[in-house]
Undergrad: 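Before anything else, here's the structure in question.
A note on names: the letters A, B, ... follow the listed sequences, proteins ahead of strands, and every chain is numbered from 1.
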Amino acid sequence: MTESFDYFVISKTLQCWYEQNKRELPWRETKDPYAIWISEVILQQTRVNQGYDYYLRFIRRFPNVKALAKASEDDVLKQWQGLGYYSRAHNLHAAAKQIEEIFHGEFPKKYSDILSLKGIGEYTAAAIMSIAYREPFAVIDGNVLRVISRLFMIEEPVNSVRGKKKIAAIAHAILDPQHPEIHNQAIMDFGATLCKPKQPKCNDCPLQVHCLAFAKNVVSEYPVKNKSTKITNRYFHYFHIIHNDHTYLCKREANDIWKNLYEFPLIETSKPSTFIELQNTASFTRLFGANHDILFTHQSHVKHILSHQIIYADFYKVEIPDSENFSLPDKFQKIPAEYITDFPVSRLIHKYMENY
DNA sequence: AATACGGGGAA
DNA sequence: TTCCCAGTATT
């Protein structure tokens with residue numbers, strides 16, 4: 001009894017704080033489940049500032065499920081270019097088609113149906129249920145994990161199953177079922193702007209009296225977390241081929257970084273390699289044969305840092321005389337030079353194209 | 001239960 | 001440098 005009352009006070013305090021301090025955001029102007037969905041997927045593992053413009057552009061280009069479903073894969077990827085985690089765009093596109101075919105173009109209203117859509121997990125399903133339909137589902141994202149882990153001094157790592165279950169139980173317990181959409185957005189905004197990972201503003205915190213970690217002066221030790229995996233090094237060698245004002249691009253199909261994005265013909269090596277060493281590989285011969293009239297020029301060496309890998313990329317300009325008879329296998333698309341910007345590419349390729 | 005998946009911003 | 005962000009899918 002006293003416990004549930006305490007939970008109620010916590011939610012009310014958060015909601016009150018939210019009304020005074022919430023950020024004005026475009027996806028908070030609508031109850032359209034489609035728009036809410038797009039915003040939530042864009043914001044997966046992505047800060048509001050980074051996703052803001054993408055949201056506006058995406059909604060303008062694909063205003064509803066039908067528009068997204070009938071768009072081309074490349075068009076959707078192109079809108080996503082630069083945002084990262086490209087499977088989100090792929091899944092968004094697939095889910096729009098799911099909605100068209102399975103739910104007859106109407107965005108589903110049941111939690112289980114929403115959860116069945118590609119790219120929607122427990123967090124996003126709960127966010128849509130609560131924000132678009134005002135149903136009592138508690139969201140659990142990075143902010144909620146941190147806020148609850150501090151408030152209740154959760155000792156289990158938040159990235160362990162036990163820790164997550166413990167926090168999920170509390171998240172549901174403190175949810176105000178009368179105002180789930182306000183509660184959920186309140187606790188996330190609170191975590192993002194006040195109960196931050198570094199330098200939380202405990203002095204301004206309206207939940208200070210409820211916070212066990214603050215009482216023991218150990219806020220900075222929470223959330224407890226298992227250490228992350230280590231990073232790997234990769235070595236990419238790209239060939240920007242120029243032949244009759246055309247170049248070649250290839251779509252990345254493997255389950256790897258940048259899946260479904262395009263890039264120049266690539267040779268990846270397990271160690272740093274000079275051009276001479278590259279020339280002696282079977283991959284090189286497959287691309288360029290034994291043709292001696294080709295002029296290779298080293299253009300740039302780039303260190304590209306991702307979350308769990310570092311890519312060392314060399315770019316070579318490959319000039320082939322117009323008179324030369326040259327072609328590559330079908331998986332490489334021959335592209336007129338002026339069309340290369342039509343293809344969705346990684347940040348790494350985009351930067352090269354900009355400087356070229 | 002672990003790992004892969006981008007890119008950027010803050011300290 | 002390190003952390004981590006309105007997480008999900010795969011292994």
Undergrad: For A:Y123, which residues count as a side-chain hydrogen bond (donor to acceptor under 3.5 Å, both in side chains) partner, sequence neighbours excluded?
TA: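 Scan of A:Y123 (side-chain hydrogen bond (donor to acceptor under 3.5 Å, both in side chains), adjacent residues dropped) gives A:E40.
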
Undergrad: Quick check on DNA chain B: between A:S160 and A:K198, whose nearest nucleotide comes earlier from the 5' end?
TA: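 It is A:S160, whose closest nucleotide lies nearer the 5' terminus.
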
Undergrad: How many whole angstroms separate atom CG of A:D53 from atom P of B:dG9?
TA: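 Those two atoms, CG and P, are 12 Å apart.
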
Undergrad: Rounded to whole Å, how long is the line connecting atom NZ of A:K196 with atom P of C:dC4?
TA: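 My rounded result for the distance is 14 Å.
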
Undergrad: Can you find a side chain N or O atom of A:H90 that sits less than 4.0 Å from OP1 or OP2 on B:dC5?
TA: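 Looking at the OP1 and OP2 atoms of B:dC5, neither is under 4.0 Å from any side-chain N or O of A:H90.
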
Undergrad: How far does the P atom of C:dA9 sit from the matching atom of B:dG8, given to the nearest Å?
TA: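 These two P atoms come out 24 Å apart once rounded.
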
Undergrad: Measure NZ/A:K225 against P/C:dC3 and give the value in whole Å, please.
TA: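 Roughly 10 Å, once rounded to whole Å.
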
Undergrad: Which nucleotides of nucleotides 6-11 of chain C have their base under 4.0 Å from a protein heavy atom (B), which only their sugar-phosphate (S), and which neither (-), written as one string 5' to 3'?
TA: BBSS--

Undergrad: Please confirm whether the ring centroid of A:F103 lies under 6.0 Å from the ring centroid of A:F107.
TA: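 Not under 6.0 Å, so no.
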
Undergrad: If each of A:V161 and A:H304 is mapped to the nucleotide of DNA chain B with the nearest heavy atom, which maps nearer the 5' terminus, i.e. the 5' end?
TA: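 Checking each residue's closest nucleotide, the 5'-ward one belongs to A:V161.
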
Undergrad: Check for me whether the distance between the ring centres of A:F332 and A:F239 falls short of 6.0 Å.
TA: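 Here the rings of A:F239 and A:F332 have centres that are no less than 6.0 Å from each other.
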
Undergrad: With rounding to whole Å, what would you report as the distance between B:dC5 and C:dC4 at their C1' atoms?
TA: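 About 15 Å, rounded to a whole number of Å.
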
Undergrad: Roughly how many Å is it from NZ in A:K303 to P in B:dG7, rounded to a whole number?
TA: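 Whole-Å distance recorded here is 16 Å.
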
Undergrad: So does A:N217 have more than 12 non-hydrogen atoms from other groups sitting under 6.0 Å from CG?
TA: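 12 or below, so no.
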
Undergrad: Does one side chain, of A:Q44 or A:T124, offer a donor that lies under 3.5 Å from an acceptor on the other?
TA: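 Side chains of A:Q44 and A:T124: pair found under 3.5 Å.
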
Undergrad: In whole Å, I'd like the distance from the CD1 atom of A:I310 to the P atom of B:dG6.
TA: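 From A:I310 CD1 to B:dG6 P: 16 Å.
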
Undergrad: How many whole angstroms separate atom NZ of A:K351 from atom P of B:dG6?
TA: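 Checked: the NZ to P distance equals 15 Å.
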
Undergrad: Report yes if the distance between the aromatic ring centroids of A:Y356 and A:H240 is under 6.0 Å, otherwise no.
TA: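 Yes; A:H240 has its ring centre under 6.0 Å from that of A:Y356.
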
Undergrad: Sticking with atom P, work out how far B:dG9 lies from C:dT8, rounded to a whole angstrom.
TA: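 Here B:dG9 and C:dT8 have their P atoms 23 Å from each other.
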
Undergrad: Atom CD1 of A:I231 to atom P of C:dT2: distance rounded to whole Å?
TA: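 That distance rounds to 8 Å.
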
Undergrad: Looking across every strand, which nucleic acid part, if any, lies under 4.0 Å from A:G51 by heavy atom: base, sugar-phosphate, or nothing?
TA: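 No contact.
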
Undergrad: Rounded to the nearest Å, what distance is computed from the CG atom of residue A:L77 to the C1' atom of nucleotide B:dC5?
TA: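 These atoms are roughly 14 Å apart.
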
Undergrad: Would you classify A:H350 as touching base, sugar-phosphate or nothing, given that sugar-phosphate means primed atoms plus P, OP1 and OP2, and contacts are heavy atoms under 4.0 Å?
TA: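 Nothing, no nucleic acid heavy atom in range.
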
Undergrad: If only side-chain N and O atoms of A:Q50 are considered, is one of them under 4.0 Å from the OP1 or OP2 phosphate oxygen of B:dG6?
TA: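 Answer is no, no contact under 4.0 Å.
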
Undergrad: For the residue pair A:Q81 and A:Y54, confirm or rule out a side-chain donor-acceptor distance under 3.5 Å.
TA: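 Side chains of A:Q81 and A:Y54: no pair found under 3.5 Å.
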
